[in-house]
Each structure stands twice: as C-alpha cells, then as structure tokens.
Amino acid sequence: MKRFSTIVALGAIAIAQVGPALAQQAGGPTDADLMASATNTKAVLTNGMGPQAQRFSTLDQINTQTVSHLVPAFSSSLGGEKQRGQESQPIVYDGTIYVTGSYSRLFAFDAKTGEEKWQYDARLPDGIMPCCDVVNRGAAIYGDKIIFATLDAHLVALNRETGKVIWNKKCADYEAGYSMTAAPLIVKGKVIYGNSGGEFGIIGRVEARDVNTGELIWSRPTIEGNMGQLNGKDSTMTGKLNASWPGDQWKTGGGAPWLGGTYDPETNLLFFGTGNPAPWNSHLRPGDNLYTSSTLALDPDTGEIKWHYQYTPHDGWDFDGVNEFIPFDAMVKGKMMKLGAQANRNGFFFVLDRTNGKFISATPFATKTTWASGYTKAGRPIFIDANRPGAPTTTKGSSVFSAPAFLGAKNWMPMAYSKQTGLFYVPSNEWGMDIWNEPIAYKKGAAYLGAGFTIKPLYQDYIGALKAVDPATGKIVWEYKNKAPLWGGVLSTAGGLVFTGTPEGYLKAFDAKTGQELWKFNTGSGVVGSPVTWEQDGEQYIAVMSGWGGAVPLWGGEVAKAVQHINQGGSLWVFKLPKA
C-alpha cells in the first residue's frame with residue numbers, strides 16, 4: 001500500500017529560503033555559505049553537495065539531450081606510487097579543485113587547466129591500521145582553510161591558497177587501531193567528524209573542534225557506558241552503564257562512526273551513523289549493544305544525543321549503520337512530515353521521522369535478505385534465528401550462508417536524492433557469504449573479529465546494481481546491473497541525469513526517470529569516487545576521481561579474485577560540453 005501521497009523535496013524548500021546562490025567571498029566560505037551550498041551552482045563547498053548531502057544539482061545545461069556530447073576538459077594525475085582506492089569527492093571554490101588522495105594526501109588543482117597548485121602529504125607512521133584500504137573520502141572548506149582527516153587519526157587544517165599547515169590535531173591513538181577516512185562536516189564554526197577502527201575494538205566517537213583553532217569542544221562516545229566531554233570537562237554518559245553491554249565490554253565495543261555525518265538546518269540536528277559492535281561474534285556480547293549499527297541525532301552545540309534508531313540490534317553479521325541519513329520531506333497519510341532515509345548495509349531501505357527518530361518503514365532493496373524477514377510496526381527486526389552464525393566452542397561455530405554479505409547491500413558509497421523525481425538512487429551490491437564465529441579475546445591494536453567469512457556472488461551475470469528507490473513504497477523503479485561491484489557515489493541533476501562510476505573504469509550517465517544509459521567514458525582505472533557538478537564561466541562541469549581500490553580487493557573473497565585484473569590509478573577527471 002502506498003504510504004506517501006506526494007514526495008516533496010524538503011531541502012529544496014528549506015535551502016531556497018536561505019537565498020540565491022551566494023557570491024564567492026575573498027575571505028573564503030562562511031557558515032552561511034556552507035548552509036546554502038546546495039543551491040550555489042558556482043561552487044561545490046560541502047561533501048554531499050549541501051549539508052543534507054542529497055547530492056542533487058539544479059544545473060541542467062548537461063541534460064538528457066546534451067549529455068551524449070560530453071567530453072574530457074582535462075585530467076590531473078595524483079602521481080607517484082601511492083595509488084590504491086581514490087574515494088574522494090572534489091571540493092570546488094574560487095577557481096580551485098581540492099581533492100584528497102590515498103595515503104592521506106590533499107591536492108589543489110586549477111579548475112580551468114588542471115595544473116597542480118600545491119600538494120600536501122601527511123607523514124604517516126609505519127604502524128597505521130586502516131581497516132579497508134588507505135582511502136580518504138574528501139575535505140571540508142571554511143574561510144582560509146581546507147581541512148581533512150588522516151589515517152593516523154589526525155585532523156589537519158591547511159591554508160587553502162598555499163597548502164601550509166595552520167593546525168594539526170591528534171584525535172585518537174592509531175596504535176590502538178584508530179584511524180580516520182571520512183570528509184569532515186562544518187556546522188556553526190565547528191568541524192565535526194567521526195573515527196574509524198571498529199574492527200580493532202576501539203570506542204566510536206563523534207567530536208567537534210573549533211574550526212579556527214582545532215581545539216576540542218565536545219566528544220560523544222557512541223558506545224553506552226562511556227562518558228562524553230564538553231568544553232574540557234566530563235558532560236554526560238552515553239546511555240546507561242551495562243544496560244545493553246555485559247561486564248567491561250563497553251570499553252572495547254566498536255561502533256565507529258567512520259563515514260561522517262549530515263546536518264539538517266531545519267531541525268538543527270546532526271545525523272551520524274555508527275558501525276558494528278565488537279567483536280563480530282555476537283554470542284560473546286548478549287543484548288542490543290547500544291548504540292552500534294544505529295543513526296544518532298546529535299545536538300551540534302553540545303554533542304548530546306537527541307534520539308537514536310538502531311537498525312540491527314545485537315548485530316552478528318557486520319551490518320554497520322554508518323550509511324548516510326538523508327533528510328527529505330513527504331506527505332505521510334495526508335500529513336507533510338520531515339523525514340530521513342537510509343539504505344542500510346543490512347539490505348533494508350529505511351524511512352524515519354527525523355524530528356524524533358520514529359520508525360516509518362523498512363523495505364528490502366536487496367533481492368535476498370536471510371537474517372531477517374522484515375520489521376515490526378515498532379521498527380524491530382524480525383530475526384531468522386537459524387541464520388545467525390553459531391556460537392563457537394573451542395574452535396569454530398556452525399557456519400551459515402548470509403545475504404547480504406558483510407560488505408553490505410550498500411557500503412560507504414553515497415546515494416543521491418532527486419528533487420525532480422522524488423527518487424533515491426542507491427548504489428548497491430548483490431552478494432552473500434559463508435560466515436562462522438571463532439573464539440576471540442581483546443588485545444590492543446589487534447583485529448577483534450571472532451569470525452571468519454567467504455564472500456560469494458548471488459548471480460552469475462552481475463553483482464553491482466544502481467537502483468532507483470521510491471521512498472513512499474520501497475519499490476525499485478528501475479535498476480542498472482553491473483558485472484563488478486559498485487563502490488562509488490552517485491550524483492543527480494536537474495538535467496534529468498544520474499551519474500555514477502564503475503570498477504571497470506567508466507563514468508556513466510543515466511536517465512533519472514527510466515534508467516536508460518545515455519553516456520559513458522572510460523577513465524583508465526576503477527571509479528570509486530563521488531561525482532560532482534558546478535558552473536564556471538557559463539559552462540557546466542562534471543568531475544570525478546578515478547582509482548580502483550577500497551574494501552572489495554582486500555575483503556571480497558571470490559569476488560576480489562574476479563576483479564583483480566583491474567588496474568590501480570589516481571587521477572581527477574573533469575568533463576564539459578564542447579563549445580558550439
């Protein structure tokens with residue numbers, strides 16, 4: 001039954017009230033510029049192309065009729081031997097394109113010619129422990145600064161004109177397994193970020209620092225029982241000690257918010273997803289294990305949790321809840337509501353009331369989900385107990401076949417929401433895994449899984465699937481199937497287009513209404529970055545990073561073997577229409 005009668009883009013309404021596209025200022029982007037960035041077509045100022053991260057552009061010069069003429073404007077190499085996965089989203093401002101690269105590098109390129117202006121290489125220690133490749137997903141810009149996170153869990157602010165360091169802050173202990181890969185978020189003069197490292201038994205934290213000094217303002221642990229901080233003092237405990245974690249396991253519970261967050265100006269809430277609990281072996285930690293595999297709504301001024309929703313209580317399959325939570329508005333039973341959507345790693349597409357976290361719906365967007373048959377009206381998964389991997393005895397517990405696999409029906413790669421079609425465009429994968437539990441004990445800096453696994457494709461002819469999802473019904477309106485797993489982000493535009501990349505090296509454009517493939521270009525390596533668009537000197541540009549890598553080649557089992565022939569790379573590609 002159709003639950004929503006009309007889909008209306010809340011972001012379009014809210015952000016339009018901020019005003020027309022702001023002129024670029026000599027002093028650099030301000031808080032107001034960042035909040036209005038979704039409608040500023042002259043620049044790309046935020047990860048997600050707006051604080052709500054809908055990844056929608058109002059530009060339409062490149063459209064369903066003209067996209068077939070799209071050609072490269074230039075390509076800029078990241079050079080050197082440091083290749084691996086390039087998952088960055090470009091930031092574009094005042095004639096410069098900023099991209100982060102693998103191994104914690106940041107580049108500034110001339111937006112007209114592609115010529116490199118400067119490059120910053122973080123000095124990484126030998127002992128870093130990134131879980132899933134040496135990637136970085138992008139930077140944040142504010143005033144005279146360009147800011148990004150590093151694999152040794154530092155946050156670095158550089159002068160955007162020169163690349164010189166303004167401040168450099170250690171955020172966590174890399175020797176305990178902490179790292180950072182997400183693009184920071186800037187709200188009200190605070191740079192807000194989350195840490196990685198859940199596979200090493202760390203404690204997930206969302207933190208806020210003064211964007212001008214780098215000094216810590218607040219810290220919010222994402223595992224129940226840990227104390228938060230505000231202005232240098234203890235603030236409040238997250239949850240209640242031992243309410244959902246036995247013994248001392250709250251000290252090593254994982255829950256890393258490693259993908260960063262979104263911000264909704266209308267409710268003044270930050271939305272951060274949290275990772276899986278540690279260890280993977282769920283029989284060692286009875287209870288829901290709050291606040292893992294959840295979305296947390298946080299007060300940006302204090303870091304206090306306003307509400308939470310847990311997608312996979314007592315997770316036993318590595319179903320992180322970190323996927324981006326995107327605000328939108330829609331009519332529900334005749335009432336306009338402020339909603340948010342997430343395509344979860346566990347195979348279900350969720351819609352929540354973003355003002356209070358109340359469950360609205362969960363519908364499968366993967367073709368096969370073996371761990372749960374659905375969700376109750378209260379938003380609780382209906383577990384299939386026989387498909388939870390068995391408890392280990394002295395060596396190995398019983399193995400089960402699970403779908404989706406632990407890399408998820410959707411992993412880090414961000415989806416887009418079109419204000420034109422009312423559809424979400426979800427980059428997904430169809431795969432399963434054999435998974436079993438093993439005995440494990442915590443040791444600082446060592447992997448803390450207690451599980452083994454082998455990923456397998458579900459189908460012979462494809463794994464990746466770009467799916468257009470109607471949030472009102474959960475219906476898949478159209479899908480594009482790709483032989484290799486999809487691992488890159490999505491962009492939608494008012495030109496009626498949806499852009500995404502493939503591991504085979506293509507950047508592709510699809511008709512947003514029908515899914516018809518309208519254009520493609522091979523960049524020479526796998527595309528696992530997120531495309532963006534902007535207007536410059538009267539022309540619309542499209543940019544994306546190319547460079548195969550990420551978690552699939554490292555963790556993908558049989559799938560990784562099938563795509564091991566793909567060449568690595570590291571380059572920025574920029575496209576435009578030829579002048580008449």
Side-chain angles (χ1 to χ4, degrees), residues 1-17 38-39 41 48-60 62-64 67 262 264-267 271 295 323-344 348-355 358-366 410 413-428 465-480 489-500 509-516 518 530-531 533:
M1 182 177 75
K2 192 175 181 69
R3 293 180 294 270
F4 305 167
S5 60
T6 305
I7 301 297
V8 177
L10 86 96
I13 297 171
I15 295 176
Q17 292 173 345
T39 54
T41 58
M49 300 188 67
Q52 296 172 323
Q54 293 180 336
R55 296 185 182 274
F56 176 81
S57 171
T58 58
L59 291 173
D60 61 1
I62 300 170
N63 54 48
T64 55
V67 69
T262 58
D264 176 31
E266 293 190 355
T267 57
F271 302 117
T295 286
N323 302 87
E324 67 282 3
F325 183 81
I326 297 182
F328 71 110
D329 276 1
M331 295 288 287
V332 180
K333 298 178 180 178
K335 178 183 177 183
M336 182 63 72
M337 294 187 66
K338 297 181 186 301
L339 304 172
Q342 193 209 67
N344 194 275
F348 287 86
F349 186 91
F350 291 86
V351 176
L352 306 178
D353 182 334
R354 74 177 189 276
T355 67
K358 183 180 178 182
F359 176 82
I360 302 295
S361 63
T363 49
F365 67 96
K410 177 180 174 296
M413 54 280 196
M415 62 183 182
Y417 174 69
S418 170
K419 294 173 168 55
Q420 279 189 331
T421 64
L423 301 176
F424 283 87
Y425 299 97
V426 182
S428 69
L466 175 65
K467 302 188 179 188
V469 178
D470 183 346
T473 62
K475 179 183 177 183
I476 309 298
V477 177
W478 59 258
E479 67 179 315
Y480 158 77
V490 181
L491 165 72
S492 65
T493 76
L497 297 171
V498 175
F499 289 87
T500 196
F510 302 89
D511 186 306
K513 293 181 179 178
T514 66
Q516 180 184 359
L518 299 176
S530 297
T533 187

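These figures come from a predicted structure and were not determined experimentally.
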> Between Ile476 and Val469, is a side-chain contact (heavy atoms from CB on, under 4.5 Å) present by the stated rule, with each step listed?
Replying inline: CA-CA 5 Å; Ile476 309 298; Val469 178; 3.8 Å; yes
>> Please find the pair of heavy atoms, one from Val426 and one from Ala343, that lie closest to each other, and give the distance.
In response: CG1-CB, 3.7 Å
>> Are Arg354 and Phe271 packed together at the side-chain level, in the sense that at least one heavy-atom pair is separated by less than 4.5 angstrom?
In response: yes
>> Please enumerate all residues that pass ring pair (Phe, Tyr, Trp, His ring centres under 6.0 Å) together with Phe424, with sequence neighbours excluded.
In response: Phe328, Phe349, Tyr417
>> Can you tell me how far apart CG (Leu497) and OG (Ser57) are? Round to the nearest 0.5 Å.
In response: 10.5 Å
>> Tell me whether Asp60 contacts the main-chain N or O of Asn63 through its side chain, where contact means a donor paired with an acceptor under 3.5 Å.
In response: no
> Quick one: are Tyr425 and Met415 in side-chain contact, heavy atoms under 4.5 Å?
Replying inline: no
> How long is the gap from NZ on Lys338 to CG on Asp264, to the nearest 0.5 Å?
Replying inline: 7.0 Å
>> Working to the nearest 0.5 angstrom, can you tell me the gap between Leu352 CG and Met337 CE?
In response: 10.0 Å
> Can you find a heavy atom in the side chain of Pro265 that is under 4.5 Å from one in the side chain of Gln52?
Replying inline: yes
> Taking all atoms of both residues into account, what is the closest heavy-atom pair of Pro471 and Gly422, and its distance?
Replying inline: CD-O, 3.2 Å
>> As an exercise, state the distance from CD1 of Ile62 to OG1 of Thr493, rounded to the nearest 0.5 Å.
In response: 8.0 Å
>> Is there a side-chain contact between Pro427 and Lys410 in this structure, where contact means two heavy atoms from C-beta onward sitting under 4.5 Å apart?
In response: yes
>> Check whether Lys467 reaches the backbone of Phe365 with its side chain - one donor and one acceptor, N or O, closer than 3.5 Å.
In response: yes
> Taking NZ, NE, NH1 and NH2 as the nitrogens, is one of them in Arg55 or Glu324 under 4.0 Å from a carboxylate oxygen of the other?
Replying inline: no
> Mind checking whether Thr473 and Thr363 have side chains closer than 4.5 Å, heavy atoms only?
Replying inline: no
>> I need the single residue from Asp329, Val332, Ile326 that forms a side chain to side chain contact (heavy atoms under 4.5 Å, CB included) with Leu339. Which is it?
In response: Val332
> Would you say Trp478 and Phe510 make side-chain contact, with heavy atoms under 4.5 Å?
Replying inline: yes
>> Can you tell me how far apart CG (Asn344) and CG (Asn323) are? Round to the nearest 0.5 Å.
In response: 5.5 Å
> So, the side chain of Thr500 versus the backbone of Gly489: is there a donor-acceptor pair under 3.5 Å, distance only?
Replying inline: yes
>> Check the orientation of Phe359 and Phe350. Use parallel for under 30°, tilted for 30 to 60°, and perpendicular for over 60°.
In response: perpendicular
> Taking all atoms of both residues into account, what is the closest heavy-atom pair of Val67 and Ala509, and its distance?
Replying inline: CG2-CB, 3.8 Å
> In Å, rounded to the nearest 0.5 Å, how long is the span from CG of Leu518 to CZ of Phe499?
Replying inline: 9.0 Å
>> Has Thr262 got a side-chain atom pairing as donor or acceptor with Phe325's backbone, closer than 3.5 angstrom?
In response: yes
>> So Gln342 and Thr295, do their side chains get closer than 4.5 Å, heavy atoms only?
In response: yes
>> When you compare the side chain of Met49 with that of Thr533, does any pair of heavy atoms fall below 4.5 Å?
In response: yes
